[in-house]
There are 2 protein chains.
Amino acid sequence: LVPFNIFLVKPDKVKDTNTTVKSSSSPKFLGNLLVIPMDGSHWVGIKALAQELGRRGHRVTVVIPEHNLRMGPGKYYDTIFYPVPYDKEHVINLLSSHKDVLEKSVQPFMEKIKARFTQIGKTSNFLHTTAESLLFNTSLIHHLAEQFDAVLTDPMVPTGSFIARKLGVPVINLLRGIPCFMDLKAAGCPAPPSYVPRFFTGLTDKMNFKERTINTLVKMCIKYSCTICKLNLIRLSFYRIDFTLDSPRPLMPNTILVGGINCKLRNPLPEDLVTWISGEHGFVVFTLGSMLSELPEYITSTFLEAFRQIPQKVIWRYTGKVPGKIPENVKMMKWVPQNDLLAHPGVRAFITHAGSHGAFEGLCHAVPMLMVPVNAEQPDNAQRIASRGAGVVLDITSITTESLLQGLNEVINNPRYKENIRQLSALHNDRPMDPLDLSVYWTEYVMQHKGAKHLKAAVHDLNWFQYYCLDIVALLATVLLVTVTLIFKCLKLCFRKLGRKKKQE
Amino acid sequence: LVPFNIFLVKPDKVKDTNTTVKSSSSPKFLGNLLVIPMDGSHWVGIKALAQELGRRGHRVTVVIPEHNLRMGPGKYYDTIFYPVPYDKEHVINLLSSHKDVLEKSVQPFMEKIKARFTQIGKTSNFLHTTAESLLFNTSLIHHLAEQFDAVLTDPMVPTGSFIARKLGVPVINLLRGIPCFMDLKAAGCPAPPSYVPRFFTGLTDKMNFKERTINTLVKMCIKYSCTICKLNLIRLSFYRIDFTLDSPRPLMPNTILVGGINCKLRNPLPEDLVTWISGEHGFVVFTLGSMLSELPEYITSTFLEAFRQIPQKVIWRYTGKVPGKIPENVKMMKWVPQNDLLAHPGVRAFITHAGSHGAFEGLCHAVPMLMVPVNAEQPDNAQRIASRGAGVVLDITSITTESLLQGLNEVINNPRYKENIRQLSALHNDRPMDPLDLSVYWTEYVMQHKGAKHLKAAVHDLNWFQYYCLDIVALLATVLLVTVTLIFKCLKLCFRKLGRKKKQE
């Protein structure tokens, strides 16, 4: 059944201890779901949903490239690997380019820009190659052309949407948002630049005149630089947003909010780690996300020097070179159970790049954050948490031992931060339904009802001049013009006749 | 404690058999809720929510005028009656004006218009007097100035919002929508006329050019004829809408959809009624809502003549005069347990005015509908159900025995209607949470967290030219103008100098 150039991993071969905290009732309908995920932190939410659907009895098939960073088989879903023209080494090298950009950050402006563009070019090429390897793998596509009820995908790259179109089944997206607001544009969702901040601007929804000008200019610029791949089969979008963190804005009916989808995915901490973190001063968790587990030596030294001067223990996910000796209160690990550590009562602060998963985990467990955003939407997330008084933002490229110590002292010892994040956390966690259960519910809904067509606004049937009623404005303007002209002509005629009469008198 | 001019009914004095089908877990937080409801069908949803909140242990106080149509004490809430300068007779007379309008419908156009305007004037006066009786009852307002956590109200009349403002507590609205889209305007929610149909137009979201022109003109007209009472304490709005019935449109984050909130409020049918409706041909339910329980005699005769010719039994809520003999298969009742009858497996059709409560009950229980809309948003509801092939619309003023028999034959014997309403019903009933439970949840949320400020979009901080970025457009236009002028002036200067030079040569 399975073609030669792919290989399949059945769930019974997999040991996976990840379990959800909440168990649920049996599903109403058993469907067949195809999952086309993205690598890196994007994998976290998709995997959680795929696992949970499989656990509830649906047949879930995840399709991933043979060499990748974090993706792999799970206990409750089938995995199909497809061949790619690169190896694992290449993927890891790609990651180290993030560290390169940081290293270049002390160099002249043009060097920095060059490094950034090189990195974007490499990433773009990589995504392109991966997508082609799947889309042009005719035997795999042929193999997939059986009875799937829906495709779950990350729309950052439209591979999943293309495949769904080919198979003729509805698409379910899981995303945080796409640069340029392409997702909102494709959904026909209004997002006025006067109060909806654009990505990468670091703005919140309360903007002064200058900030609104910047936001509007950004909107105008991206209008001409981004093209939309508008596929019509999208039925539902799960958005990893939550208004305790993000700015409230209009939403379309087929939008389901699942910010914090991974917060309840917990495992018990290893015994030795529990022993190590115990102590009266508590501990600090330090991670910079899946893309950045190494740092330039000068930044690493700064962090180590600061950690030496605090009483808290520090668990740091770090795989790079270490200059000098590691302080006794610091434990460096290749991988840390971040969510489980943040859920521990002894945690005092979370040093994070403010990626959305980390930000939501900190929010979920009410941990004050010291944020060193690096790229993507991290500065936006950091700015929002800081604007709510729940954390402090530092620029990682100009960080000093003093600024770091001051920041740590603030978030650990100033009770204002803990109180603010506690309040935000209470609002965030008070939801009618857990986001993972909610996304399972709506995925089942789309599979069972073959879509959710009635949730799709009629905006998709209109072109832009119909949407803005320009054709009607044109009609009304014409009617008005004709009326005014006629009245004017009539009056002119009347006056002329009147004038003649007067003359005749 | 209670002032002289009001009287209070404690719940233990009340016998009320209304129970929800689903029982729920104990509440997380016990709050104090003040309820300012509206009379008529508007009372249905508010009462359901007040009852359920009281049943879960919250202290709920409902404030209503001493003389009214349907409102009254309940098993799980306190009731405060306030004096009004009219009696029960007046309220009942007001209702009969709806019948008058129908009677006048066969008269000349000007008479019809006059009757309609008289009715609107009377209703408006009545609402005004009722609102004043509450707002200027200083002893009652003083009595209410204790620790309430929130006010639940129907925003059709802003009495509840005024009181909430006076008490300084957040407002929760329960509504289907306000004519002129004032609710959406007040919430800053975009509603492009190109695909969001206006009230009373009978349009759906799929409009041709002519229909879009009408919709846009209606939007432009109401813009200048409706004034908004924009009170800033609104925290949440429960909308009795559902996209299986209504057109999908953008929503604001503090909007909770609870269409069909009353569907699960069921009681067992009386034994004698169960016996009467049993039979191989099933039965038809016929009600025209709380406002219309009488009909002009000529319409009543038409209905009776048609009913005489069908094999189904007919249960008709009717309190008016009956011309001639009532057929054996027709049972007229002063009040019918509409929702319980519609839930009975023997029901074949529902003859309804297509008020929103009736429409949702028919949808919830998948009963094909024969619709005779009379006023308000009833023609809109009827049009939407008809456009989905789940019912037939007839004009009640020009109804004949033949058209009625044909309509009944269609909805009862053509399986297409049953199949369509069954599919719609499956979509409508498939929701992560029952709408009543959902509204209880969010009411508790607002009471516990003292509002839901973070769900409110920043659009409320902007005036209209900021919202549309007109100030920024002005700035950019000025910059552009100055730049162009400067370039032009420079060029002119250069050319002049060049010209002079040439002349000198």
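Here is the naming used below: chain letters follow the sequence lines, and residue numbers restart at 1 for every chain.
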Using a cut-off of under 4.5 Å for heavy-atom pairs, which of T244(A), D205(A), L427(A) has the most such pairs with chain B? L427(A)

Which bit of L438(B) comes within less than 4.5 Å of chain A, counting heavy atoms only: side chain, backbone, both or neither? side chain

Could you tell me which portion of D461(A) (side chain, backbone, both or neither) has an atom closer than 4.5 angstrom to a non-hydrogen atom of chain B? side chain

Pairwise side-chain contact, L476(B) with L217(A), heavy-atom cut-off 4.5 Å (strictly under): yes

Which heavy atom of K206(B) sits nearest to which heavy atom of A458(A), and what is that distance? NZ-CB, 4.1 Å

Any donor-acceptor pair under 3.5 Å linking the side-chain atoms of D430(A) with those of Y441(B)? yes

Need one label for D471(B): side chain, backbone, both or neither, based on atoms under 4.5 Å from any heavy atom in chain A. both

Pair count under 4.5 Å, heavy atoms only, with chain B: among Q466(A), M207(A), M252(A), highest is Q466(A)

Side chain / backbone / both / neither for L475(B) at chain A, heavy atoms under 4.5 Å: side chain

For K453(B), does the NZ atom have more than 12 heavy-atom neighbours from other residues, nucleotides or ligands under 6.0 Å away? no

Looking at L257(B), L455(B), V196(B), which makes the most heavy-atom pairs under 4.5 Å with chain A? L455(B)

Minimum heavy-atom separation for H454(A) to P248(B), with atom names? O-CG, 3.3 Å

With a 4.5 angstrom heavy-atom cut-off, is it the side chain or the backbone of R212(B) that approaches chain A, or both, or neither? both

Side-chain contact test, heavy atoms from C-beta onward, threshold under 4.5 Å: evaluate it for C469(B) versus P193(A) and give yes or no. yes

Quick check for you: to the nearest 0.5 Å, what is the distance between L251(A) atom CG and L251(B) atom CG? 7.0 Å

Side-chain touch N254(B)/F243(A), heavy atoms, less than 4.5 angstrom: no

More than 12 foreign heavy atoms under 6.0 Å from OH of Y468(A): is that the case here? no

Which value, rounded to the nearest 0.5 Å, describes the distance between Y195(A) atom OH and L462(B) atom CG? 8.5 Å

M433(B) side chain near P432(A) side chain, heavy-atom distance below 4.5 Å: yes

Which bit of T216(B) comes within less than 4.5 Å of chain A, counting heavy atoms only: side chain, backbone, both or neither? side chain

Checking heavy atoms, do the side chain of P250(B), its backbone, both or neither come under 4.5 Å from chain A? both

